[in-house]
Amino acid sequence: MIIKILALGDTVGETGTGWLCRPGFLSGIRSREGIHLIIANGENSGKGNGLTPESADSLFDAGVDVITGGNHTWQRREIYSRLDDDERLVRPANFPGSAEGRGYTYVDVCGYRVLVFNLSGNAFMTEYVANPFEWADKILKAEEGNFDISVLDFHAETTSEKIAMGWYLDGRASVVFGTHTHVQTNDAEVLPKGTGYITDLGMCGSMNGVLGVETECILHKFTVHTPVRFREAKGRLALHGAIFEVDTDTGRCISAKTFIEKE
């Protein structure tokens with residue numbers, strides 16, 4: 001069987017989440033594209049910033065099966081207990097073990113076991129995390145034999161670290177996609193040993209600002225350098241992500257392509 005996975009880039013704030021979660025939108029894409037599993041990065045899907053119980057519920061109700069995270073996962077304290085209790089939420093596994101939440105989860109897709117795991121990069125990230133390459137090895141070794149398909153959301157700053165992870169896991173993970181930088185890259189491909197890969201999925205939110213934030217806020221930060229409260233950009237909304245097709249007989253990806261849906 002061929003399993004089709006839709007991976008969605010970082011959902012930005014109330015604007016992006018509200019547009020993504022409007023009635024029938026994701027279910028329509030699922031039906032039209034023949035999608036079996038939807039994974040979305042939701043670390044900044046809450047109003048203002050971070051992940052909230054309300055934004056998580058909105059994404060799940062809209063049809064998202066697993067929400068992955070990143071360095072902003074713990075921005076809002078109200079999500080902490082939910083991270084521990086809800087197996088559909090994952091956060092970077094290479095943060096300290098005392099941090100709330102889990103680094104990977106399992107999803108049953110048409111009777112096949114899909115491992116979804118989440119890691120944070122080291123390069124140019126402000127938070128200290130353990131070596132993501134070692135953690136990828138650790139998770140895949142610990143769960144060996146327990147999954148038919150494995151999918152990694154690698155939440156990292158630099159293209160080089162993300163590309164390195166793709167090559168590092170080629171043939172060992174079914175899919176590796178990058179998140180965090182909010183700009184979709186044009187390099188969706190199947191690597192030589194069968195791993196579907198893209199450096200960054202992009203984002204779900206307004207294209208009128210800078211990475212989903214009003215342009216004036218970001219220009220103030222870069223030119224004046226004094227603190228400024230970010231405001232969500234509005235209008236010209238878009239969904240950015242990628243679709244991967246994985247063969248359940250081999251666990252290898254056979255097709256990878258970028259996916260964009262605009263307002």
Side-chain angles (χ1 to χ4, degrees), residues 1-70 73 76 78-79 82 86-90 105-112 114 116 118 149 151 153 175 177 179 182-184 188 196 198 200-209 211-213 232-246 255-263:
M1 181 178 178
I2 303 301
I3 297 291
K4 294 187 75 173
I5 300 168
L6 172 61
L8 302 179
D10 302 54
T11 303
V12 182
E14 191 175 38
T15 301
T17 301
W19 184 72
L20 191 69
C21 297
R22 66 194 192 278
F25 181 51
L26 280 182
S27 60
I29 293 173
R30 184 188 286 269
S31 176
R32 187 182 76 230
E33 300 292 336
I35 302 298
H36 300 97
L37 174 64
I38 300 178
I39 302 169
N41 188 288
E43 69 149 4
N44 271 318
S45 57
K47 182 179 180 180
N49 56 33
L51 173 67
T52 65
E54 293 78 17
S55 67
D57 286 338
S58 292
L59 290 168
F60 289 138
D61 289 346
V64 172
D65 298 296
V66 177
I67 297 174
T68 54
T73 298
R76 308 287 286 273
E78 58 265 40
I79 198 65
R82 185 75 176 272
D86 195 332
E87 294 185 359
R88 299 171 297 173
L89 294 171
V90 294
T105 193
Y106 279 94
V107 189
D108 182 283
V109 180
C110 301
Y112 295 94
V114 180
V116 180
N118 194 187
I149 294 170
V151 180
D153 176 351
V175 173
F177 57 78
T179 57
H182 291 213
V183 178
Q184 188 183 69
I198 186 170
D200 201 280
L201 294 172
M203 74 173 197
C204 301
S206 173
M207 299 294 111
N208 277 338
L211 309 185
V213 176
E232 295 176 20
K234 307 292 183 183
R236 208 158 63 92
L237 294 157
L239 171 158
H240 291 87
I243 295 176
F244 303 92
E245 296 182 301
V246 181
S255 172
K257 64 179 182 179
T258 56
F259 183 78
I260 300 175
E261 193 88 359
K262 296 183 179 180
E263 187 177 35

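Treat the numbers as computed from the prediction; the structure is a model and nothing was measured.
- Nearest heavy atom pair, residue C204 against residue L8, reads SG-CB, 4.2 Å.
- S31 places no side-chain N or O within donor-acceptor distance of the main-chain N or O of S27, the cut-off being under 3.5 Å.
- To the nearest 0.5 angstrom, D57 atom CG is 8.5 Å from I67 atom CD1.
- To the nearest 0.5 Å, atoms CG (L239) and CG (L201) are separated by 10.0 Å.
- Not a single ring pair (Phe, Tyr, Trp, His ring centres under 6.0 Å) links Y106 to another residue, sequence neighbours left out.
- The CD atom of E43 lies 13.0 Å from the CG atom of L89; values are rounded to the nearest 0.5 Å.
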side-chain contact (heavy atoms from CB on, under 4.5 Å) evaluation trace for N44 with V12: CA-CA 5 Å; N44 271 318; V12 182; 5.7 Å; no
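- Under the 3.5 Å distance criterion, the side-chain polar atoms of D200 are left unmatched by any main-chain donor or acceptor of Q184.
- Identified under the ring pair (Phe, Tyr, Trp, His ring centres under 6.0 Å) test for residues 20-70, with sequence neighbours left out: W19-F25.
- One side chain, S55 or S45, offers a donor N or O that lies under 3.5 Å from an acceptor on the other.
- Expressed to the nearest 0.5 Å, how far CD1 of I243 lies from CD1 of I198 amounts to 11.0 Å.
- Considering all non-hydrogen atoms of both residues, S58 and C21 come closest at O-SG, 3.3 Å.
- D65 contributes a side-chain N or O that, together with a main-chain N or O of I38, makes up a donor-acceptor pair within less than 3.5 Å.
- Taking each heavy atom of G196 and F244 in turn, the nearest pair found is C-CE2, 3.8 Å.
- Here C110 contributes atom SG and I2 contributes atom CD1; the two are 11.5 Å apart, rounded to the nearest 0.5 Å.
- Residues D153 and T68 approach most closely at OD2-OG1, 2.6 Å, considering heavy atoms.
- N208 places a side-chain N or O within donor-acceptor distance of the main-chain N or O of K234, the cut-off being under 3.5 Å.
- The closest side-chain heavy-atom distance from T52 to E78 is below 4.5 Å.
- Separation of atoms OG1 (T11) and NE2 (H182) is listed at 9.0 Å; rounding is to 0.5 Å.
- Between R76 and E54 there is no salt bridge, since none of the side-chain N atoms of the basic residue sits less than 4.0 Å from a carboxylate O of the acidic one.
- Checked by atom type and distance alone, the side chain of E263 pairs as donor or acceptor with a backbone atom of R236 at under 3.5 Å.
- Side-chain atoms of N118 come within 3.5 Å of backbone atoms of G69 as a donor-acceptor pair (strictly under, hydrogens ignored).
- Counting non-hydrogen atoms of other residues, nucleotides and ligands closer than 6.0 Å to NZ of K4 gives a total above 12.
- When side chains are defined from C-beta on, V151 does not count as touching V246, because their heavy atoms never get closer than 4.5 Å.
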